[in-house]
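Quick notes on the structure that follows.
Lettering of chains follows the sequences in order, A, B, ..., and the numbering in each one begins at 1.
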2 protein chains.
Amino acid sequence: MAEKRLGRQTVAFQNPPVIVGMAAVAGPKEGEGPLGADFDHVYRDVTLGQDSFEKAEREMMKNACLTALQKAGLTPADVDFFLAGDLLNQIITASFTALEIGAPYLGVYGACSTSAEGLALAAMLIDGGFARRVLVACSSHNATAERQYRYPVEYGGQRKPYSQWTVTGAGAAVLSREGEGPRVTHATLGKVFDHGVKDPYNQGAAMAPAAADTIVRHLLDTGRRPEDYDLIATGDLARFGHQLARELVARDAGITLGDNFTDCGILIYREDQGVHSGGSGCACSAVVTFGHFAREMERGRIRRLLLVATGALLSTTSAQQGENIPAVAHGVVIEAR
Amino acid sequence: MAEKRLGRQTVAFQNPPVIVGMAAVAGPKEGEGPLGADFDHVYRDVTLGQDSFEKAEREMMKNACLTALQKAGLTPADVDFFLAGDLLNQIITASFTALEIGAPYLGVYGACSTSAEGLALAAMLIDGGFARRVLVACSSHNATAERQYRYPVEYGGQRKPYSQWTVTGAGAAVLSREGEGPRVTHATLGKVFDHGVKDPYNQGAAMAPAAADTIVRHLLDTGRRPEDYDLIATGDLARFGHQLARELVARDAGITLGDNFTDCGILIYREDQGVHSGGSGCACSAVVTFGHFAREMERGRIRRLLLVATGALLSTTSAQQGENIPAVAHGVVIEAR
């Protein structure tokens, strides 16, 4: 058996799986942001005409999946596995969507790192010879997340200056053994870190150490430098967390990240959209990657991307019981063909 | 690339990964059941001396992991990935345990099918060449599940006759490319089914169609008959759901399942233990498999096992919003060496 491991945490694909279809759908606020034109569909309101926000989120995930499949010229019957996750308790968005997709279903949970966890696992299942095509998806919805994790939006709770805005949207991608499209060449799977952050509004700070570690580990495992990437994008650290990650990488590993170091949670909204530190949620890295970065690859502006999606692994129970917020970050390398 | 797929939903491992260590820990009620002597550790009370039931559950998962590693002569540093899940919102048991294990962490969620989902994914990561050793774990705790899904136990809510008792326990296994132990030879990954059950107490009925489908699909994909297995064990259908699954397999596929067809939720408690239909929870199939079936393999009484772990993919939100309960079942074949 050929060795597909590099160092302690990185896998290198022997026949890098091809992303033959990608789709990003988003809510109106995301549509009004700087990347709005790069999404496949922008909904006019956050209910999508459904009678609950949860059903609206589910509708978004389904639409992202069907659009990604359609762009690849495929139907749900053409995929061997459906890998999906979201932020809702017991990942009901993913499970109910799996019912509609009808393919064998593997639920995954990495909070906002789910996009990269799904991509990494899908790529391993294909390169390992267990699937020809895998559909991955994740979603988040501002209103379902706010009422589950914090307060219903109607309550009008005060937002802290470092709080983040959960992205309303869904992203999906079809990975295939063969075909045309960007390729997933490497994945660096992250360890869980706890740096003592207890404030559930301060997720950027909770996740920054995990992001920094995964970036450093990826560079060490692959022997690459930050300049080898057109873009190194964290998932949803937002302004405060992203600056902290940059400082941690410099302090702990002596590596200087340049202008190619960005964050999906910073890119997705304008500063004047009232989102405070920036965006968050499973959909944040998913819609920026499968919407914006995908098109930047088509435009020839990005050739090699390191996506480091970050997840805060808290629940309301763990937060109310006074626990710290553990965090994880998973990296995937996507190269334009 | 060699084809490792059989039919539509089954994967056959080229170099079947070896389960080099297994452990099952359980609460006092499970210890008093018929399989009590086969668990590695039985706790005297359900708090494990912790100040919350959630911390007690976490302690069980950690202990199951460390015991499985110890039995394999390994430490957490020897594993390439930690794959785990549980029933608590945002799978906090798994994520907080991942912090202690320290290996790259992939959270999985399949409700009570998590044991088989983890085993299947771990086996694919190893046979695919991405890992030498993978640690998998799952857990459930009666008190954390009751207060999350239904009522706090202190409330004394009336239990319906077909209700099930969430198992307090945790199971863990170390899969390895090499070594001595039973092997994971096949996995049949399930699709999600919805047969209109809305009552969250009636999970056996909700899950039976998914279990029946995965069993039939497994037999068709592999060309095997039920008699080719010493045991075909569903995860936690319990008495009512198990009988229903048997009838569905007969009615829909004309296949008669014999005395070798059993259910972990039936095996784990005596009928006079007041558990109504039987056991449930992520730990149900995990402790029966990694505790009891593992020892039955050592005793030479089981050589080839098909474990079909079943999951009810509801949340309190989906149930309270009047949704049906979707369900999934994943099968793994474990053969004694």
Counting only non-hydrogen atoms closer than 4.5 Å, does A:Leu125 touch chain B with its backbone (N, CA, C, O), its side chain (CB onward), both, or neither?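 Just its side chain gets close to chain B.
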Using non-hydrogen atoms only, which part of A:Gln148 is less than 4.5 Å away from chain B: side chain, backbone, both, or neither?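 Only the side chain of A:Gln148 comes within 4.5 Å of chain B.
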For the interface with chain B, which of [options] has the highest count of heavy-atom pairs at distances below 4.5 Å?
options                               : answer
A:Glu100, A:Arg217, A:Glu323, A:Gln9  : A:Glu323
A:Ala98, A:Ser95, A:Gly85             : A:Ser95
A:Arg132, A:His330, A:Lys55, A:Glu54  : A:Glu54
A:Thr188, A:Leu189, A:Leu83, A:Thr144 : A:Leu189

Whether the side chain of [X] engages the backbone of [Y] through a donor-acceptor N/O pair (distance < 3.5 Å, no angle test) should be reported.
X        : Y        : answer
A:Lys191 : B:Tyr105 : no
A:Asn142 : A:Thr166 : yes
A:Asp221 : A:Thr10  : yes
A:Asp127 : A:Gln14  : yes
A:Asp213 : A:Ala210 : no
A:Lys4   : B:Gly128 : yes
A:Arg183 : A:Pro17  : no

Give the ring-plane orientation class for A:His218 versus A:His186, where under 30° counts as parallel, over 60° as perpendicular and anything between as tilted.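 Ring orientation, 0 to 90° scale: perpendicular.
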Select one option (side chain, backbone, both, neither) describing which atoms of B:Phe82 are under 4.5 Å from chain A's heavy atoms.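 The answer is neither part of B:Phe82.
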Side chain from CB out, backbone as N, CA, C, O: work out which of these in B:Asn324 comes under 4.5 Å of a heavy atom of chain A, or both, or neither.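 Only the backbone of B:Asn324 comes within 4.5 Å of chain A.
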Does anything in residues 87-94 of chain A reach chain B? List residues with heavy atoms under 4.5 Å apart, or say none.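 Residues in range: A:Leu87, A:Leu88, A:Asn89, A:Gln90, A:Ile91, A:Ile92.
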Does NZ or CZ of A:Arg5 come closer than 6.0 Å to the centre of the six-membered ring of B:Phe81, within 45° of the ring's axis?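 Verdict for B:Phe81: a cation-pi partner in A:Arg5.
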Taking only heavy atoms into account, what residues of residues 108-123 of chain B are found under 4.5 Å from chain A?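 B:Val108, B:Tyr109, B:Glu117, B:Leu121 fall under the 4.5 Å cut-off.
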Apply side chain to side chain contact (heavy atoms under 4.5 Å, CB included) to B:Ala212 and list each qualifying residue two or more places apart in sequence or on a separate chain.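 Side chain to side chain contact (heavy atoms under 4.5 Å, CB included) check on B:Ala212 returns B:Leu248, B:Val249.
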Among B:Leu106, B:Val11, B:Thr214, single out the residue with the greatest number of heavy-atom pairs under 4.5 Å to chain A.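 Winner by heavy-atom pair count: B:Leu106.
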Do you know the tightest heavy-atom contact between B:Thr97 and B:Cys65?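 Here B:Thr97 and B:Cys65 meet closest at CG2-SG, 4.4 Å.
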Let me check something: any side-chain donor-acceptor pairs from residues 308-318 of chain B under 3.5 Å, sequence neighbours excluded? List them with distances.
| from | atom 1 | to | atom 2 | distance (Å) |
| --- | --- | --- | --- | --- |
| B:Thr310 | OG1 | B:Asp236 | N | 3.2 |
| B:Thr310 | OG1 | B:Asp236 | OD1 | 2.8 |
| B:Ser315 | OG | B:Thr317 | N | 3.2 |
| B:Ser315 | OG | B:Ser318 | N | 3.1 |
| B:Ser318 | OG | B:Ser315 | N | 2.9 |
| B:Ser318 | OG | B:Ser315 | O | 3.1 |

In this structure, are over 12 heavy atoms from other groups packed under 6.0 Å from A:Glu178 atom CD?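 Count not over threshold, so no.
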Are B:Tyr149 and B:Tyr201 an aromatic pair by the rule of ring centers under 6.0 Å?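 Ring centroids of B:Tyr149 and B:Tyr201 are no less than 6.0 Å from each other.
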